[in-house]
2 protein chains.
Amino acid sequence: MADQSQPPLTRIQQKNRDLILEGALSVFSVNGFRGATIDQIAEAAGLSKPNVLYYFASKDDIHKTLLTTLLDMWLAPMVRIDPDGDPLEEVMTYVRAKLEMSRRYPRESRLFAYEILQGAPHLTEILGGGLRQIVDRAAAILQGWMDDGRLAPVEPRHLIFSIWALTQHYADFEVQVRAVLGPGHDPFVEAGPFLDNLYRKILGV
Amino acid sequence: MADQSQPPLTRIQQKNRDLILEGALSVFSVNGFRGATIDQIAEAAGLSKPNVLYYFASKDDIHKTLLTTLLDMWLAPMVRIDPDGDPLEEVMTYVRAKLEMSRRYPRESRLFAYEILQGAPHLTEILGGGLRQIVDRAAAILQGWMDDGRLAPVEPRHLIFSIWALTQHYADFEVQVRAVLGPGHDPFVEAGPFLDNLYRKILGV
DNA sequence: GTCTATAGTCAGATAGAC
DNA sequence: GTCTATCTGACTATAGAC
């Protein structure tokens with residue numbers, strides 16, 4: 001998963017790669033992989049098209065690099081669930097972290113949504129491998145808490161799906177949410193207490 | 001919203017249009033609008049590419065027709081919420097209907113997901129118009145029940161978002177759900193009692 | 001390392017025979 | 001109504017000058 005002993009990058013190389021990935025994130029997250037063009041990415045990065053392809057072998061290469069780079073950050077909050085912490089507080093902390101990520105990083109959320117919708121062509125091995133292990137660990141912790149009577153019993157994996165679905169919905173379906181709520185509403189601010197109440201009621205003993 | 005007094009279609013016209021829309025649904029729901037090609041649609045429909053374009057003016061036309069045709073069906077369960085019914089049962093019926101739609105019509109779910117992700121270029125007026133009215137009506141009914149103490153008080157629109165998010169997640173992110181659960185699980189079967197329990201706990205008085 | 005120019009490919013849409 | 005053939009534009013990727 002880590003660097004395969006790449007030659008070290010010069011400062012300018014690092015900076016341009018970062019510019020390209022940043023621009024590509026904006027473009028891919030709006031139109032998806034097929035909807036994005038290298039021209040748009042180059043424009044967003046402030047570089048010429050051939051120069052983009054000097055740093056990355058292909059459009060596919062950019063996309064794959066983005067996905068794998070961002071996956072760790074995306075899963076970090078779940079890894080931080082502490083088996084020795086207070087059960088309800090650990091879950092609430094995870095929910096809040098996930099909602100905050102949807103608020104701050106909607107582009108990343110949409111990037112992953114596009115990838116999963118398409119059948120996760122670039123992430124298949126990770127879905128059944130690393131991701132599954134991380135979820136298994138979290139599910140085991142939750143199950144232990146439920147067995148000890150410290151959380152109300154629910155299917156732990158579906159509980160996790162519910163957290164993903166409810167928090168990412170505000171990023172992925174933001175247009176719809178805003179259209180329904182109308183002006184003068186901040187979906188993310190309103191979602192905070194709503195989700196807080198929801199998970200306290202489901203998991204409280 | 002209804003037919004604009006089109007000339008009547010012959011039986012063969014109707015059949016071919018249906019074939020095209022059925023094939024296009026399969027293609028668009030996998031790859032999104034930009035990822036789909038007319039060739040793929042023609043192949044799925046069992047027709048030649050020019051013949052597809054004989055029945056529809058453009059790829060965009062097919063897509064727009066699909067979306068508007070399916071929107072009514074998609075929103076039907078919410079329209080059926082009955083203000084004179086039993087509050088909790090009305091909500092549970094809606095949740096079950098929505099989950100059943102995700103199970104039976106995952107392609108439709110993904111088609112809408114792609115459209116919203118892209119910023120709903122074909123649905124903007126509907127999102128702020130018809131959809132909003134339907135949601136407003138449902139939210140008013142829910143709010144009334146909460147005011148009468150027949151449902152636990154929660155923000156009604158976010159309650160509706162939660163139902164959309166939780167049920168559609170099983171269709172839109174099906175690959176991920178299956179990868180995490182592993183073989184031998186039926187996500188939709190397991191989701192039924194999970195969501196049942198969840199909404200009873202949130203809304204029970 | 002970065003650019004201009006362009007090769008090669010693919011997809012949307014049309015023309016015209018049958 | 002349906003087909004083959006084709007036009008046109010857009011896009012990825014490369015070649016080669018600087």
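Every chain is numbered from 1 and lettered A, B, ... according to where its sequence line falls, protein lines coming before strand lines.
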Does any residue of residues 47-58 of chain A have a heavy atom under 4.0 Å from DNA chain C, and if so, which ones, in number order?
->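 Only S48(A), P50(A), N51(A), Y54(A), Y55(A) qualify.
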Stretch residues 18-43 of chain B: residues that reach within less than 4.0 Å of DNA chain C through a heavy atom =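 Those residues are A36(B), T37(B), I38(B).
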Under the salt bridge (charged side-chain N to carboxylate O under 4.0 Å, His left out) test, which residues partner [X], sequence neighbours left out?
| X | value |
| --- | --- |
| E43(B) | none |
| R178(A) | E174(A) |
| D39(B) | K49(B) |
| E125(B) | none |

Please list, chain by chain and in numerical order, all residues satisfying ring pair (Phe, Tyr, Trp, His ring centres under 6.0 Å) with F161(B), sequence neighbours excluded.
-> H158(B), W164(B)
Please, which pairs that meet ring-ring contact (aromatic ring centres under 6.0 Å, His included) have at least one residue in residues 36-67 of chain B, sequence neighbours excluded?
->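 For residues 36-67 of chain B, and leaving out neighbouring residues, the ring-ring contact (aromatic ring centres under 6.0 Å, His included) pairs sorted by first residue read F28(B)-H63(B), F33(B)-H63(B), H63(B)-H122(B).
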Tell me, which pairs form a salt bridge (charged side-chain N to carboxylate O under 4.0 Å, His left out) where one or both residues lie in residues 192-204 of chain B, sequence neighbours left out?
->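 Those involving residues 192-204 of chain B are E89(B)-R200(B), R96(B)-D196(B), D196(B)-R200(B).
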Qualifying salt bridge (charged side-chain N to carboxylate O under 4.0 Å, His left out) pairs, either residue in residues 154-168 of chain B, two or more places apart =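 Only D136(B)-R157(B) qualify under salt bridge (charged side-chain N to carboxylate O under 4.0 Å, His left out).
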Set of residues satisfying side chain to side chain contact (heavy atoms under 4.5 Å, CB included) with respect to P87(B), sequence neighbours excluded | W145(B), R150(B), L151(B)
Bounds of contact between DNA chain D and chain B, in 5' to 3' order, using a heavy-atom cut-off under 4.0 Å | dG1(D) to dA5(D)
Counting only N and O atoms by type, is there a donor-acceptor contact under 3.5 Å from the side chain of Y114(A) to the main-chain atoms of G32(B)?
-> no
